[in-house]
Structures are given as structure tokens and as C-alpha cells.
Peer 1: 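Provided herewith is a single structure, encoded as C-alpha cells, for subsequent inquiry.
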Amino acid sequence: MNELRPLAGLDVLDMGAGTGRLTLALAPSVKSILATDASAAMLKLTGERLRTSAMQHWGTAVADHRSLPLEIDCVDLVVSGWSICYLCTSDVPEWRENLRQVISEMERVLRPGGTVIIFETMGTGYETPHPPEFLLGYYRALEEEYGFQHHWLRMDYQFESVEQAEALTAFFFGEELSVHVRRERLTALPECAGVWWRRFV
């Protein structure tokens, strides 16, 4: 992220922060960070992790991506990791309108010259990109309709044990992948991540 937009001195919004995977990585480098998520329980964990780290200038807020509880022109960087996809799968009839609302809200809260960086899956359990069919329309729209640039990188999952890898893989990705993890005795699971970014003027 620092290559796409230098982080020092920025006010940042982390949309769909979950338990703080990106929030914790960004917080030491930025001026302030607000983590939002639809789940209060997830944000409670994020807050506990931020308090334990003794970081300053952070906050959390329960929010829907399509209606952010922020004023206009209040952040320099919006990041969202693996969360917009839930509103934009091809089996959600209104996914195009959902995406329009999400992008509109991002643009509303960004200061002029602000940047959006979006992470989404390009395939779990694969060494090279293998994006899910049900997200291809969303990915095309980001690039063709909303002007985002794109590349991918490896962001493999690391687990403490085969048992943990099997349990969490089954919960998040399904039985087929967890069987593969158990059979191969994996404690690391390949993950290809797509990165989309755009600077708003």
C-alpha cells in the first residue's frame, strides 16, 4: 500500500475491517485510522487489538459500506480488504447498484487527491490467479466502469498447526479445501490477492 500511496501523515478509513488485519498493519504508519464493519463483534476484537498495541488516534464504527457515518472530505485514503465482494457477487441481483453506492460513498468521504485501495481474492488454494467466476463482473466493473488499476500478489494464509488450518479452512472456504489441507498436512495456504487502486482528483 505504501508503494501506491505513501502512508505517513494520512487519515485513513478501513472499510470492512473485520478483526483488524489491515487496520493493525496500517495504524503505526498513519496519522489516524477509523475501522468500520457491519459486525460490532468483529470491531470489538479490532478495538481490543489496537488498545493492546498502545496505538493512538484510532476509532471503530459499525457501518454499511453504502452509507458511511463520516463527513465529506475527511480522509486521505480508503482501504477495503475482502469485504465489498459480499455486496457484489453475481448472485446478488442489485450488485451493480451496490457497487455504485459504495464507490460514491468512498468518493464522498475522500479529500481531493485521495486514494482508494481495494483487496479481493483472486483464488484461495492456488499458486497463481484463479478468480471466482461469481466475482468477475465486479472486477471488470472496477476497471472498466470506475477506472481502477489492478495487479495481484501472493498473500498466503499462515496457520499455527495443520489442525487450525483444517478447521479455519473448512469454516471460511468449505469442506473440499479443508480435505486438501488435511491430506497435504498444510500449515500455509496459498492465496492470490487482487489489488485495485485509484486516485480521485
Side-chain angles (χ1 to χ4, degrees), residues 1 4-5 7 10-27 30-47 50 57-122 124 131-150 155 172-173 193-201:
M1 284 184 282
L4 299 175
R5 177 72 190 265
L7 299 172
L10 300 186
D11 293 310
V12 178
L13 168 64
D14 182 5
M15 293 172 54
T19 58
R21 182 182 185 187
L22 291 180
T23 315
L24 271 289
L26 289 167
V30 302
K31 179 181 176 184
S32 71
I33 191 160
L34 175 67
T36 64
D37 199 278
S39 168
M42 289 281 202
L43 289 177
K44 182 179 179 185
L45 292 173
T46 300
L50 286 163
H57 310 296
W58 60 268
T60 62
V62 176
D64 185 305
H65 292 343
R66 296 162 294 185
S67 181
L68 298 170
L70 284 83
E71 298 178 358
I72 64 169
D73 300 346
C74 63
V75 296
D76 306 295
L77 173 65
V78 175
V79 299
S80 182
W82 304 274
S83 67
I84 298 171
C85 58
Y86 293 104
L87 294 169
C88 295
T89 66
S90 59
D91 61 347
V92 175
E94 65 278 12
W95 76 264
R96 287 186 179 279
E97 176 59 18
N98 285 342
L99 182 57
R100 186 197 66 76
Q101 291 178 19
V102 171
I103 300 297
S104 177
E105 279 294 270
M106 289 174 163
E107 191 168 8
R108 181 182 68 81
V109 303
L110 277 174
R111 295 179 179 125
T115 302
V116 172
I117 302 174
I118 298 170
F119 292 88
E120 300 286 9
T121 186
M122 289 292 280
T124 303
E133 185 73 26
F134 57 84
L135 291 175
L136 292 179
Y138 160 43
Y139 294 169
R140 280 194 298 268
L142 283 176
E143 297 169 51
E144 296 173 7
E145 297 176 35
Y146 294 100
F148 281 77
Q149 298 181 69
H150 169 254
M155 294 186 70
F172 285 104
F173 305 113
V195 186
W196 287 263
W197 73 95
R198 177 183 165 190
R199 187 158 190 168
F200 288 77
V201 294

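This chain uses plain numbering: 1 for the first residue, then up along the sequence.
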Peer 1: Do the non-hydrogen side-chain atoms of R5 and L10 ever get within less than 4.5 Å of each other?
Peer 2: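 Result yes, sub-4.5 Å side-chain heavy-atom pair found.
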Peer 1: Working to the nearest 0.5 angstrom, can you tell me the gap between M42 CE and T19 OG1?
Peer 2: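 With rounding to 0.5 Å, CE (M42) is 6.0 Å from OG1 (T19).
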Peer 1: Which pair of heavy atoms, one from R96 and one from E145, lies closest together, and at what distance?
Peer 2: NH1-OE2, 2.7 Å
Peer 1: Please check if the side chain of D37 supplies one atom and the backbone of G18 the other of a donor-acceptor pair under 3.5 Å.
Peer 2: yes
Peer 1: Are the side chain of E120 and the backbone N or O of C85 linked by a donor-acceptor pair below 3.5 Å?
Peer 2: yes
Peer 1: Verify, without hydrogens or angle tests, whether T115 (side chain) and L77 (backbone) share a donor-acceptor contact under 3.5 angstrom.
Peer 2: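 The answer is no, because no donor-acceptor pair under 3.5 Å joins these two groups.
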Peer 1: May I ask you to establish whether R100 and W95 are in a cation-pi arrangement, using a distance under 6.0 Å from NZ or CZ to the six-membered ring centre and at most 45° from the ring axis?
Peer 2: no
Peer 1: Between L87 and L99, is any pair of side-chain heavy atoms under 4.5 Å apart?
Peer 2: no
Peer 1: Which atoms form the tightest heavy-atom contact between A35 and T46, and what is the distance?
Peer 2: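 Minimum heavy-atom contact is CB-CG2, 4.2 Å.
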Peer 1: Would you find a donor on one side and an acceptor on the other, under 3.5 Å apart, between the side chain of D14 and the backbone of T23?
Peer 2: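 Pair found, side chain donor or acceptor close to backbone of T23.
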Peer 1: What residue among L70, L34, I72 forms side-chain contact (heavy atoms from CB on, under 4.5 Å) with V109?
Peer 2: L70
Peer 1: Under a 4.5 Å cut-off applied to non-hydrogen side-chain atoms, are V75 and V12 in contact?
Peer 2: no
Peer 1: How are the rings of W196 and Y139 set relative to one another: parallel (under 30°), tilted (30 to 60°) or perpendicular (over 60°)?
Peer 2: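 Aromatic pair W196/Y139 classed tilted.
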Peer 1: Could you tell me if the side chain of M155 sits less than 4.5 Å from the side chain of W82, heavy atoms only?
Peer 2: yes
Peer 1: Go through D73 and R108 one step at a time and tell me if the salt bridge (Lys or Arg N to Asp or Glu O under 4.0 Å) criterion holds.
Peer 2: CA-CA 6 Å; D73 300 346; R108 181 182 68 81; over 6 Å; no
Peer 1: Specify the closest pair of heavy atoms between R111 and C74, including all atoms of both residues, with the distance to one decimal.
Peer 2: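 Closest approach of R111 to C74, heavy atoms only: NH2-O, 3.1 Å.
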Peer 1: So, for S83 and G16, which heavy atoms are closest and what is the spacing to 0.1 Å?
Peer 2: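 Heavy atoms only, the tightest pair is OG-CA, 3.7 Å.
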Peer 1: R66 vs E97, test: salt bridge (Lys or Arg N to Asp or Glu O under 4.0 Å). Steps then yes/no.
Peer 2: CA-CA 10 Å; R66 296 162 294 185; E97 176 59 18; over 6 Å; no
Peer 1: Applying the side-chain contact (heavy atoms from CB on, under 4.5 Å) test to L13, which of I33, D76, L68, V79 qualifies?
Peer 2: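 It is L68; the other options fail the test.
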Peer 1: Is there a side-chain contact between M1 and F119 in this structure, where contact means two heavy atoms from C-beta onward sitting under 4.5 Å apart?
Peer 2: yes
Peer 1: Looking at side-chain heavy atoms only, is the closest gap between L135 and T89 below 4.5 Å?
Peer 2: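 Answer yes - side chains close enough.
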Peer 1: May I ask you to test the M106-R198 pair for a side-chain heavy-atom distance under 4.5 Å?
Peer 2: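 No; the side chains remain at least 4.5 Å from each other.
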Peer 1: Let me see the working for V30 and W58 under side chain to side chain contact (heavy atoms under 4.5 Å, CB included), right down to the final yes or no.
Peer 2: CA-CA 10 Å; V30 302; W58 60 268; over 6 Å; no
Peer 1: Would the distance check show the side chain of T121 and the main-chain N or O of P131 forming a donor-acceptor pair, the cut-off being under 3.5 Å?
Peer 2: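 Checking the backbone N and O of P131 against the side chain of T121, no donor-acceptor pair under 3.5 Å is found.
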Peer 1: Does V102 reach the side chain of M15, with side-chain heavy atoms less than 4.5 Å apart?
Peer 2: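 Yes, side chains in contact.
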Peer 1: Within 45 degrees of the ring normal and closer than 6.0 Å to the centroid, is that where the cationic atom of R140 sits relative to Y138?
Peer 2: no
Peer 1: If you compare all heavy atoms of L43 against all heavy atoms of V62, which two are closest, and at what distance to 0.1 Å?
Peer 2: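 Minimum heavy-atom separation between L43 and V62: CD1-N, 3.6 Å.
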Peer 1: Classify the side-chain pair Q101/E105 by whether it contains a donor and acceptor separated by less than 3.5 Å.
Peer 2: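 No pair is found: no donor N or O on one side chain lies under 3.5 Å from an acceptor on the other.
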